[in-house]
Amino acid sequence: MEEILKFDTIGQYNAFNRNETLHPLVSIVDLSKAAPRQLRRLSYGFYVVFLKEIKCGDLRYGCSHYDYEEGTLIFLAPGQVIGSNGDEYYQPQGRALVFHPDLIHGTPLGRHMNDYTFFSYAVNEALHLSERERQTILDCFSKIQFELEHAVDKHSKKLIVNNVELFLNYCVRFYDRQFVTRDNTHKGILERFETLLNHYFSSDKPQTVGLPTVAYCANELNLSANYFGDLIKKETGKSAHDFIQMKLIDVAKEKIFDAQKSVAEIAYELGFKYPQHFTRVFKQHVGMTPLEYRTADN
């Protein structure tokens, strides 16, 4: 079984990297203070955001598709595993913001943490920063570090959490910019998505696999489901699920005009287990049942 080095607490991770623990639930970790170490599989019981420099071989996600060369942000949610085991030694570089879920429980940030979907992106979908963006990120880290070094008072937790939230909101902005500027990487994703759906519905997959899902399409396009969903939303203004539904209805409309086929047959051909489900979805989008649509122009 592949060995995984697990960190359950912020204190454990600080000690591993030779950093002082100023707060049990949050830290800005200077990775350059760590001793050289072997490549390992790592797992964290808390949120981790790495600000990596160009030499990023320790995380094994490759450096060949950078938009900018000033730095990269990688986001990990609790329980995710990153890295690879190997004999090679390396000197960690960069910084990391680490914070435990307990820090944000009961706060506005805790209530909408799931909105920051980039915590479930794949590492090769990292956020590539311009120099100006990198300076903004470092400024956010500096504000958090200031509060960690400040004497604890009644304002400390609120200011720390607010600055973490400010940092994450900047990341949302920068990802929006990346979706626009990474033309070479993203070019053709929408076209490939449409082609994928066309091939899917013209094959026997609807009958053997069922209705296409966002996760299935993302996997076929070698993207994580959340990154794919956010990218399609940015490109079309519609969710990936809605896009699939639109394609489904377009295909259904064509099939309905084949009078030799019953609604039930069409439903099964499209991947529905039950004709009633197909009728309900069709009426929801078109405003009439499949039979009403078939006879509307007759």
Side-chain angles (χ1 to χ4, degrees), residues 75 77 79-81 111-125 172 175-176 179-180 182 185-298:
F75 302 83
Q80 285 185 266
V81 178
R111 287 191 285 275
H112 67 87
M113 192 64 196
N114 288 338
D115 294 343
Y116 299 103
T117 50
F118 41 73
F119 276 100
S120 53
Y121 288 176
V123 288
N124 62 345
E125 298 159 350
V172 172
Y175 256 119
D176 281 352
F179 285 137
V180 173
R182 294 197 78 198
T185 303
H186 296 152
K187 186 179 293 184
I189 289 293
L190 188 57
E191 290 83 354
R192 289 168 58 201
F193 184 25
E194 291 193 76
T195 300
L196 173 66
L197 291 175
N198 287 335
H199 288 167
Y200 193 95
F201 284 115
S202 63
S203 71
D204 63 354
K205 285 185 178 178
Q207 296 91 57
T208 57
V209 180
L211 294 170
T213 64
V214 173
Y216 170 84
C217 294
N219 185 64
E220 289 294 303
L221 297 170
N222 297 313
L223 297 168
S224 69
N226 274 344
Y227 190 86
F228 171 67
D230 290 346
L231 180 59
I232 294 301
K233 181 76 171 180
K234 188 62 56 180
E235 288 282 328
T236 68
K238 297 181 175 62
S239 71
H241 174 74
D242 288 344
F243 195 92
I244 293 171
Q245 291 279 291
M246 286 174 53
K247 186 63 182 178
L248 172 68
I249 295 302
D250 283 344
V251 175
K253 286 178 177 178
E254 288 297 323
K255 289 181 176 291
I256 284 169
F257 285 112
D258 184 351
Q260 303 301 313
K261 293 181 179 178
S262 68
V263 170
E265 287 176 307
I266 294 169
Y268 293 131
E269 282 185 11
L270 291 169
F272 287 91
K273 291 184 178 179
Y274 306 104
Q276 306 95 301
H277 184 201
F278 167 57
T279 297
R280 187 165 62 250
V281 170
F282 190 90
K283 186 173 183 179
Q284 180 183 353
H285 285 83
V286 182
M288 60 183 75
T289 68
L291 280 178
E292 289 170 343
Y293 184 81
R294 175 179 279 176
T295 58
D297 294 326
N298 293 341

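Of all non-hydrogen atoms in I266 and R294, the two that sit nearest each other are CD1-NH2, 3.7 Å. The shortest non-hydrogen separation linking A267 to P275 is CB-CA, 3.8 Å. When all heavy atoms of L270 and L211 are compared, the closest pair comes out as O-CD2, 3.2 Å. The two residues C217 and F193 have their closest heavy-atom pair at SG-CE1, 3.7 Å. When all heavy atoms of F272 and Y268 are compared, the pair lying nearest together is O-CD2, 3.3 Å.
From I232, atom CD1 reaches atom NZ of K238 across 11.5 Å, with rounding to the nearest 0.5 Å. How far CG of L196 is from CZ of F201: 9.5 Å, rounded to the nearest 0.5 Å. Here H199 contributes atom NE2 and E220 contributes atom CD; the two are 12.0 Å apart, rounded to the nearest 0.5 Å. Rounded to the nearest 0.5 angstrom, L291 CG and T279 OG1 are separated by 7.5 Å. Here the straight-line distance linking atom CD of E265 with atom CZ of F278 works out to 12.0 Å at 0.5 Å rounding.
In this structure, R192 and I189 have side chains that are in contact, with non-hydrogen atoms separated by less than 4.5 Å. Annotation: side chain of N226 is not in contact with side chain of F119 (no heavy-atom distance under 4.5 Å). In this structure, the side chains of Q207 and D204 come closer than 4.5 Å at one or more pairs of heavy atoms. By the 4.5 Å heavy-atom criterion applied to side chains, E292 and F282 are not counted as neighbours.
Counting heavy atoms of neighbouring residues, nucleotides and ligands inside a 6.0 Å radius, atom CG of D115 exceeds 12 of them.
Using cut-offs of 30° and 60° on the angle between ring planes, the pair F75 and F118 is tilted. Ring orientation note: the planes of F257 and Y293 are tilted relative to one another, at an angle of 30° to 60°.
For Y121, the ring-ring contact (aromatic ring centres under 6.0 Å, His included) partners two or more places apart in sequence, or in a different chain, are Y175, Y227.
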Please output the side-chain donor-acceptor pairs of residues 240-251 that fall under 3.5 Å, not counting sequence neighbours, one pair per line with the distance.
| from | atom 1 | to | atom 2 | distance (Å) |
| --- | --- | --- | --- | --- |
| D242 | OD2 | S239 | OG | 3.2 |
| K247 | NZ | N198 | OD1 | 2.5 |

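Distance alone, capped at 3.5 Å, is enough to place a donor-acceptor pair between the E125 side chain and the S224 backbone. Between the side chain of H277 and the backbone N or O of K273, no donor-acceptor pair lies under 3.5 Å. In this structure, the side chain of S120 engages the main chain of T117 through a donor-acceptor pair within 3.5 Å.
The stretch residues 254-264 participates, sequence neighbours left out, in these salt bridge (Lys or Arg N to Asp or Glu O under 4.0 Å) pairs: K255-E269, K261-E269.
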